Protein chains: 4
Amino acid sequence: MSISPAESALYGALFSDPDIAEAFSDAATIRAMLDVERALARVQARLGIIPEDAAERIAFVAGSYEPDIAGVAAGTEKSGVPIIPLVEQLRAAVGGEAAAYVHWGATSQDIVDTGLVLRLRGVAGLLAGKIEQLSGLLGKLADEHRGTVMAARTRSQQALPTSFGLKAAGWLSPLIDHATRLDEVRPRLLAVQFGGAVGTLAALGARGVEVMEGMGEELGLAVPAGPWHVRRDNLAEFAGWLSIVTGSLGKMGQDVILLAQSEIAEVRPGAGGGSSTMPQKSNPVACEVMVTAAGLNASLISAMHQATIQEHERGGPGWQLEWLTLPQMAVATGAALNHAIAVIEMLEVDAARMRANLDESNGLILAEAATFALAEHMPRPQAQALVKEACSEVPQSGRTLMEILAGKTDAPVDWDTVADPANYLGSANELIDRILSRF
Amino acid sequence: MSISPAESALYGALFSDPDIAEAFSDAATIRAMLDVERALARVQARLGIIPEDAAERIAFVAGSYEPDIAGVAAGTEKSGVPIIPLVEQLRAAVGGEAAAYVHWGATSQDIVDTGLVLRLRGVAGLLAGKIEQLSGLLGKLADEHRGTVMAARTRSQQALPTSFGLKAAGWLSPLIDHATRLDEVRPRLLAVQFGGAVGTLAALGARGVEVMEGMGEELGLAVPAGPWHVRRDNLAEFAGWLSIVTGSLGKMGQDVILLAQSEIAEVRPGAGGGSSTMPQKSNPVACEVMVTAAGLNASLISAMHQATIQEHERGGPGWQLEWLTLPQMAVATGAALNHAIAVIEMLEVDAARMRANLDESNGLILAEAATFALAEHMPRPQAQALVKEACSEVPQSGRTLMEILAGKTDAPVDWDTVADPANYLGSANELIDRILSRF
Amino acid sequence: MSISPAESALYGALFSDPDIAEAFSDAATIRAMLDVERALARVQARLGIIPEDAAERIAFVAGSYEPDIAGVAAGTEKSGVPIIPLVEQLRAAVGGEAAAYVHWGATSQDIVDTGLVLRLRGVAGLLAGKIEQLSGLLGKLADEHRGTVMAARTRSQQALPTSFGLKAAGWLSPLIDHATRLDEVRPRLLAVQFGGAVGTLAALGARGVEVMEGMGEELGLAVPAGPWHVRRDNLAEFAGWLSIVTGSLGKMGQDVILLAQSEIAEVRPGAGGGSSTMPQKSNPVACEVMVTAAGLNASLISAMHQATIQEHERGGPGWQLEWLTLPQMAVATGAALNHAIAVIEMLEVDAARMRANLDESNGLILAEAATFALAEHMPRPQAQALVKEACSEVPQSGRTLMEILAGKTDAPVDWDTVADPANYLGSANELIDRILSRF
Amino acid sequence: MSISPAESALYGALFSDPDIAEAFSDAATIRAMLDVERALARVQARLGIIPEDAAERIAFVAGSYEPDIAGVAAGTEKSGVPIIPLVEQLRAAVGGEAAAYVHWGATSQDIVDTGLVLRLRGVAGLLAGKIEQLSGLLGKLADEHRGTVMAARTRSQQALPTSFGLKAAGWLSPLIDHATRLDEVRPRLLAVQFGGAVGTLAALGARGVEVMEGMGEELGLAVPAGPWHVRRDNLAEFAGWLSIVTGSLGKMGQDVILLAQSEIAEVRPGAGGGSSTMPQKSNPVACEVMVTAAGLNASLISAMHQATIQEHERGGPGWQLEWLTLPQMAVATGAALNHAIAVIEMLEVDAARMRANLDESNGLILAEAATFALAEHMPRPQAQALVKEACSEVPQSGRTLMEILAGKTDAPVDWDTVADPANYLGSANELIDRILSRF
């Protein structure tokens, strides 16, 4: 264990995603900030605000500059943000007259926040790719298991038949909307932050907005109406998206765990772990992490919403709270998606066991179907009464509901057909089609 | 106090919004469920699934039916949902053969969830209206106070000048996006839930999807790809929207509280309360509630995300958790918006005090402006050094920075112009324009 | 539904506890505040701070005074606390010279907070009583089911045998500590709040502390070192206690839900609800509410901890946040305890099914026991290898592990004894004894 | 930034505490688990359960064993816990017949949880030491500033005078209780976890409890009634304690931030950071981190309470959720305490400014004192009316309240004495004494 297991050599493989974690590494953080400084210089040179050769020098140096981390860290401890010591070092490396034009008219938060957004762009892309991959796997699973009949369970008890295909389509369905949501969130999230010391861009005279627009163009980011230094709804919204994604994965993981219980055993998550002392066990480790990530994000989302209250033109605690929570949330989401992909890829579905579990009720699970079948031949209340009476006899009799019903009435019902749960799936296939067609 | 102060006779006016609270009253809850049953009967008659006259009878009775609440409550205690006893009572009231066609092919959750959505439609409309009203007020405030110069404060300390107009525009800016977000959320949220007992619509044979579509049309709701009984991302997303809205209002409320502190006194929230023993006080009660609502929602959002993990084809605890939290969140949001409207409507802005507070630093707050002014007449490093030296003399001297600088250099700077913070607002007006133009 | 289902006529029976809810009613809130005013007058008269006859008059009137609620509410809306208008009304009712001595030297928060504590004393007592009742039931259950052998399940899979008695003892065990914890929390929680306007008790000259001590004696509350108006750790601590209690109940409810699943069916929560369309179902409604209460409190506890940050000598938003959350938490805890008591009282335990589920593994669950038995007759590694080999043959063979082992070795093991899970319960009974002895 | 800024080279100094972080390092985690395995072997040898020489060999090897981390990590990924691969490696290192006696009768969770508790013992000790150090500093501050008069502020506005000494005593007061609370929590938290595979200790026959007791003695840990593998109230309780501590520190940090605002400037947190562009600023970085830690813990505490619902005899997601949150909470608490110590050690208190801010109200802040003074010479209602009238004249007049009152009445009041806020501090010193005497 480490402070965060996601960063532990022991636990990292369970709880982290290396690519997403990399976006939050010190190296990537610094690189992104230097990229923003570089873009700033270029844009300002293009607009004639700083000398062309100063910008070239800054862009050249910043392009490959590797700061003295210990020095930056010392400055961060003092000032609360790494950009102040970083800019000092960068100025020294740039040297000459160009040094004065480094960070021209910008404030720490401009660089830190825009740098964050550059990294979140990559993170969003990675997550979108994983969602698409998982969606593809689930779509395939849904399609393949249209005919795999199983018990649907409501409030923990067998209710009526369904198909495993519809269950998989139900796991897929929210993911399709999550992709749409991310597309909606992106232009609000991936927007340049540029406001100068207090959001007026005063140090750039009348040219601040031009620079903000130029920055957007240079970095491929959206240009917002104004700086978002103290409106953090974009980050809270993205955090909410992360947590909704893990919520959907947590539901999937929980379902698989429940289906894999020893006594149910309808699926077997191939990625499961063993037990040293109990050879018959296969722990659903990957599914557990999916549920865990949902719980973690459902807790951390609270911090991200608390953090939207940032005072005046810069709020310290709210800003820091984002730093302490958003990276964890993104990494947990990536890890949960990875586990979900592995679980679905390796999932062993035991159709025979599903059918056997359904049959355990001796047809009680098809009481509704029997009522409907009978109601074609007698008044519905009479049909209901007959089925109710038969149902009460099932447990003691050892016979199935349909056998008992066949003995109680000569209505010309094809009891074999009624007894087959595959004939009582309603619109399952149509619903699968509808969901798949949206993907 | 009551379990929830929002429902207390004593505290309700502070923490509740009567119109939104009404949407969550027992009466409205029952009315919405009966409306769904009525729509169901009509649609099924139109599709030839149930007899036309049965549907007419059901629609007639359900249209004005007032159930025996105590009886419904007793059934709710037993079954966990009110719909089972409610349908029993409704069937008795409908009577005759039509009674059997009440709730045809539906399950409790279809009625409860679709009924919820019908009420949330009204709630969303009310909130959108309040956001628009508040946005209008803030837009006006921003426009009026373009020239009201004040200190911007970063990390709790005076930083540079800004205008109160830009501050108000900053409060407005997220609200504009919140309206957009609600438009995006609406079609996902305001969607019919119809899946039958387990989401297959089996009781309707092959006609379930037709009924679902008909329900959407009849009730003016979107028709989703499939039932959302166990994917609750739509509700979690809406809850996130509510909490982001209160987060923005909490920031606004916090800013006003800070500006209204005795020693700062730049604004006076007219809606403030008095103190029995301290006549000089005016408590910013309304602003406090805005912050409180943000804190409450930032906490409850965690429950709504936890609740997305609902097992199999119906999850009890997750569903119940939504009932216990979403109404509170909506009511808190409505109350916070009401308070925000009142605060902005009655806000007294003391421009003179703002200017006086700015002047307290004897020009130190304009050190950056002075540097820029000097840098037009000498190398920038030299300008910086001069300003730094002058800054260090300000505290002991009792003179202003510009007076000291004027004595240190004969550079032809117009020090009066530099000394006026109104001349160091950068792009403030342009940013206000950009924000107002999006509204 | 109502804003809080706990206050809804429809849902109240599920989510509320009438006695605890009563403690948070408007009437009880006002009554408690009047009791504090009465105690204040009596104490001050006893100390000679106010005239004896004034105190008598105040105590007499406050003893039965019923304020005009609408008037108090209107004042609450304005000032943010009900005590200001309440004191005005009380003064008018007291009349004469005595009127001036009402609320002498106190501030709103003294009355509101001490009034809250008076009510929490009752709430704590009610909860302690319920915990004791539940503990008694669980102790009896644990004792009765020492011999009821069942599968223990780790990470959702059958692991080794245990007894249902030990399981019940495991549910009991934390409750015993919760009772201890409450005893520790009580003196910190049930302490008079008395600080005057800002915590100095200035309005009482040098006699403030005497009055504070007198108030403690008069009301039977602890006397703290100083006023706790802006240190709220006592309330946060109590909220944490509530949430830990519901956490333990949630674990119990979740276990029962899992054991009651159709395919496992080892217990049947008698308090379960039915389903209109699926007669074979018995929803574990009460258990669900136990889990739900845990989820609600786990979310609201976050607000109570946020609320500990209260500014200077009185913080508005933090104080309000307590009002909006603590009552809900207490009521949810009471309701969860009620449900737990009902569930345990009516729990049907199916020992035969427990044994049948154990036997499903054909002895694999006893692989460890077999190894130990064999290891008495051969080196342990050899025993392990033999068992492992036998285990792998079980699934295809249709025979039990012990049958296979008996065929593989002539070691003089009494295989019937090994095959009986009741012989592999280790220290189960000793652990039950240890837990029961602490109760 | 890193996934957790506490582990970042850049941000670690702000958000981490090296000693506490070390307790959660991979190395310390493994070391603690090996210590538990070593203790287990020793105890079992002492009880004659395993051979003496095997135990000696195990204890010798485990005492300095350094596992192949990559190998352990690979096994962790598969099985979800590091102990399975670690035990395999340790067995190989021990070799011979002794190898079989490694981890005898234990399960993964016994080693992981007891190992955690060993490390939490150190963490609790470190935190207790910091609390004591901070308490000492605050006690000294309170004592020194008994005579430093300042404005008390309620709901963000100046209310009455208080002393900075009482304010500091108010910060100290909860810390004294936190130390007491930790003493109460310790025996419940620092308890051996030993239950074997499912909590029956079956693998040890009848001797499980003896071993559990021996483990407690060997490791210096409490011996609980039974294993706590699925009752996690001890960890949730400790997490609650951590969060209450940071809540108290957050209140202190927030107060200092508010007092250090430019316009108030009554204190200056010496540990504050600078600003690159605004030389007049001193950001209260350390105080911000104190508030941030409170917000983080107030959010994470929700996860720890969610995690108390652990299924049956081992719950995966709940257990994992603890791993992901508790270390962060402990580290944040340590960091917040460090910052608090630094802030208090270096705090500059500006008594003159405090007095000047008090005087800003021209005596309005002493209206209550004036009323009391007058009431000694006239009926109280008359005194109140006179003061109210005088108060209304203060703002326009430019004169102080006492000057105006002196002109309105010839009552023989010593107005100079009344005008001195130091004379209206009530029981401030007595309350400081009471708080200091509890320390």
Side-chain angles (χ1 to χ4, degrees), chain C residues 100 152-155 159-160 162 166 170 173-174 177 184 188 196-198 200-204 208-209 225-226 230-231 233 236-237 240 243-244 247-248 250-251 254-255 258 294 298-299 301-302 305-306 308-314 316 368 380-381 424-428 430-431 434-435 438, chain D residues 100 152-156 159-160 162 166 170 173-174 177 184 188 196-198 200-204 208-209 225-226 230-231 233 236-237 240 243-244 247-248 250-251 254-255 258 294 298-299 301-302 305-306 308-314 316 368 380 424-428 430-431 434-435 438:
Chain C
R153 295 165 179 98
T154 58
R155 309 188 96 158
L160 284 185
T162 190
L166 184 57
S173 176
D177 283 326
E184 292 166 358
R188 289 189 287 261
V198 301
T200 60
L201 291 162
L204 293 170
V209 171
V230 279
R231 52 167 290 201
D233 46 306
E237 183 184 32
S243 185
I244 289 182
S248 297
K251 188 263 186 288
Q254 184 67 272
D255 278 359
L258 291 171
S299 178
I301 185 65
S302 169
H305 281 260
Q306 280 181 56
T308 54
I309 301 189
Q310 300 200 2
E311 298 84 2
H312 289 318
E313 280 67 39
R314 185 159 310 120
E368 192 182 77
R380 191 178 158 85
Y424 201 65
L425 294 179
S427 305
E430 196 178 348
L431 291 168
R434 287 172 64 93
I435 291 167
R438 294 216 179 174
Chain D
R153 296 166 178 97
T154 59
R155 308 187 98 157
S156 80
L160 285 185
T162 189
L166 183 58
S173 177
D177 283 326
E184 292 166 0
R188 290 189 286 262
V198 302
T200 60
L201 290 162
L204 293 170
V209 171
V230 279
R231 54 166 288 201
D233 46 307
E237 183 183 31
S243 185
I244 289 182
S248 297
K251 188 262 187 290
Q254 184 66 271
D255 278 359
L258 291 172
S299 178
I301 185 66
S302 170
H305 281 260
Q306 281 181 56
T308 55
I309 300 189
Q310 300 202 2
E311 298 83 3
H312 289 320
E313 280 69 38
R314 186 160 309 120
E368 192 182 77
R380 192 178 158 83
Y424 201 64
L425 293 179
S427 305
E430 197 177 348
L431 292 168
R434 287 172 65 92
I435 292 168
R438 295 217 180 173

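The analysis underlying the following values was restricted to heavy atoms, covering all of them including side chains, and did not include hydrogens, waters or symmetry mates. Owing to the predicted nature of the structure, the values given are computational and were not obtained by experimental measurement. Below, chains carry the letters A, B, ... as their sequence lines are ordered, and counting in each starts from 1.
Contact tally against chain D (heavy-atom pairs below 4.5 Å) for C/G240, C/S243, C/G247: the top residue is C/S243. Here C/D255 is the residue among C/I435, C/T162, C/D255 with the most heavy-atom pairs under 4.5 Å with chain D. Contact tally against chain D (heavy-atom pairs below 4.5 Å) for C/E311, C/Q254, C/E237: the top residue is C/E237. Contact count against chain C (heavy-atom pairs under 4.5 Å) is highest for D/I244 among D/I244, D/L425, D/V230. Contact count against chain C (heavy-atom pairs under 4.5 Å) is highest for D/E184 among D/Q310, D/E430, D/E184, D/R380. Counting heavy-atom pairs closer than 4.5 Å to chain C, the top residue among D/L201, D/D177, D/D233 is D/D233. When the candidates D/S248, D/A100, D/S302, D/P174 are compared by the number of heavy-atom contacts under 4.5 Å with chain C, D/P174 comes out ahead. Between chain C and the options D/Q306, D/H305, D/H312, heavy-atom pairs under 4.5 Å are most frequent for D/H312. Your options are C/G316, C/A298, C/P381, and the one with the most heavy-atom pairs under 4.5 Å with chain D is C/A298. When each of C/I301, C/V209, C/T308 is checked for heavy-atom pairs under 4.5 Å with chain D, C/V209 comes out on top.
Scanning for side chain to side chain donor-acceptor pair (under 3.5 Å) contacts around C/S173 gives D/R231, with sequence neighbours left out. The side chain to side chain contact (heavy atoms under 4.5 Å, CB included) test applied to D/A203 returns C/E368, C/F372, C/Y424, not counting sequence neighbours.
The contact between D/L166 and chain C is made entirely by side chain atoms (from C-beta outward), counting heavy-atom distances below 4.5 Å.
The CZ atom of C/R153 lies 14.5 Å from the CZ atom of D/R314; values are rounded to the nearest 0.5 Å.
Looking at every heavy atom in both residues, C/T154 comes nearest to C/A159 through OG1-CB, 3.6 Å.
Residues D/L431 and C/T200 are not in side-chain contact: their nearest non-hydrogen atoms beyond the backbone lie 4.5 Å or more apart.
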